[in-house]
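For reference, the structure is listed below as structure tokens.
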Amino acid sequence: MKAAEDQVVEDDTCFQDDEESFFQDIDLLQKHGINAADIKKMKLVGICTVKGIQMTTRKALCNIKGLSEAKVEKIKEAAGKILNVGFQTAFEYSSRRKQVFHITTGSQEFDKLLGGGIESMAITEAFGEFRTGKTQLSHTFCVTAQLPGEDGYSGGKVIFIDTENTFRPDRLKDIADRFNVDHGAVLDNVLYARAYTSEHQMELLDFVAAKFHEEGGVFKLLIIDSIMALFRVDFSGRGELAERQQKLAQMLSRLQKISEGLDQESVLMCKYSTT
């Protein structure tokens, strides 16, 4: 029995070590010859972990003001020394997947359809025509994400990016009443931002990445309602379709990196079905 307990402790220790190695702070690069000024420049664009460097292309790093190609190569080399950039066994990846949690929709039947709710380390897309409940679902998740759930999920804070001025705090109060939680606590745990252009929407993601890292493990969900609205306004006609899709793909890639590479947050996007 004692041996089994020791094995459990050892497995938990290994799991914690894997988690710590995955979320190593970008400041560790100073030990490998990268100066603090260059590290600060990367933090300003939302690259806060060594893993974040691995997820960013050399071209994107060179676009950061003050980082030359030579500096970028040195940064990449330093990150490679810290991280294991090769393969891992399925067992090791399985251990990482144990960190995945689910956020309830507030409906047991809906949760069953989703396999327990919306999954962390992933993007969940809610799409449908006008008045089909996408924004209502977003408001509900603002509350349910804060509630303790199954498998040890402790709840956490939410970031809400609003592109269509549809966010209403009063809705959260009504939903909070349903789950018997304090209005003030619910509102305090939702960080809200209004995006006015597709460029502004992308810039807000830099803040999100930095916030998720700064308060590691505190934020559990990022909601964007809706992901497509500002792209429809900023890019019109077939002549700009290719550029619109490219910019959208870049944003989706950034969202995936945020959900996967920082603190296992979940991302919920809402959009219309006609895009």
Within this structure, what is the CD1-CD1 distance for the pair I118 and I103, rounded to the nearest 0.5 Å?
4.5 Å

Salt bridge between D234 and R244, side-chain N to carboxylate O under 4.0 Å?
no

What's the spacing between F167 CZ and I161 CD1 if we round to 0.5 Å?
12.5 Å

Measure from the side-chain N and O atoms of T163 to the backbone N and O of S226, and report whether any donor-acceptor pair falls under 3.5 Å.
yes

How long is the span from the CD atom in E119 to the CZ atom in F101, to the nearest 0.5 Å?
10.0 Å

Please tell me if the side chains of V186 and Q146 come closer than 4.5 Å, counting only heavy atoms from C-beta onward.
yes

Less than 4.0 angstrom from a charged side-chain N to a carboxylate O is my criterion; do K76 and E73 meet it?
no

For H102, which residues count as a ring-ring contact (aromatic ring centres under 6.0 Å, His included) partner, sequence neighbours excluded?
none

Inspect the contact between K247 and E199 and indicate whether a charged nitrogen and a carboxylate oxygen are less than 4.0 angstrom apart.
no

side-chain hydrogen bond (donor to acceptor under 3.5 Å, both in side chains): pairs with one or both residues in residues 61-71, sequence neighbours excluded:
D38-K71

Could you check whether any side-chain N or O of K220 sits under 3.5 Å from a backbone N or O of G217, counting only pairs where one atom can act as donor and the other as acceptor?
yes

Applying salt bridge (charged side-chain N to carboxylate O under 4.0 Å, His left out), name anything that partners K43, two or more places apart in sequence or on another chain.
D27

Is it the case that more than 12 heavy atoms not belonging to Y93 sit under 6.0 Å from its OH atom?
no

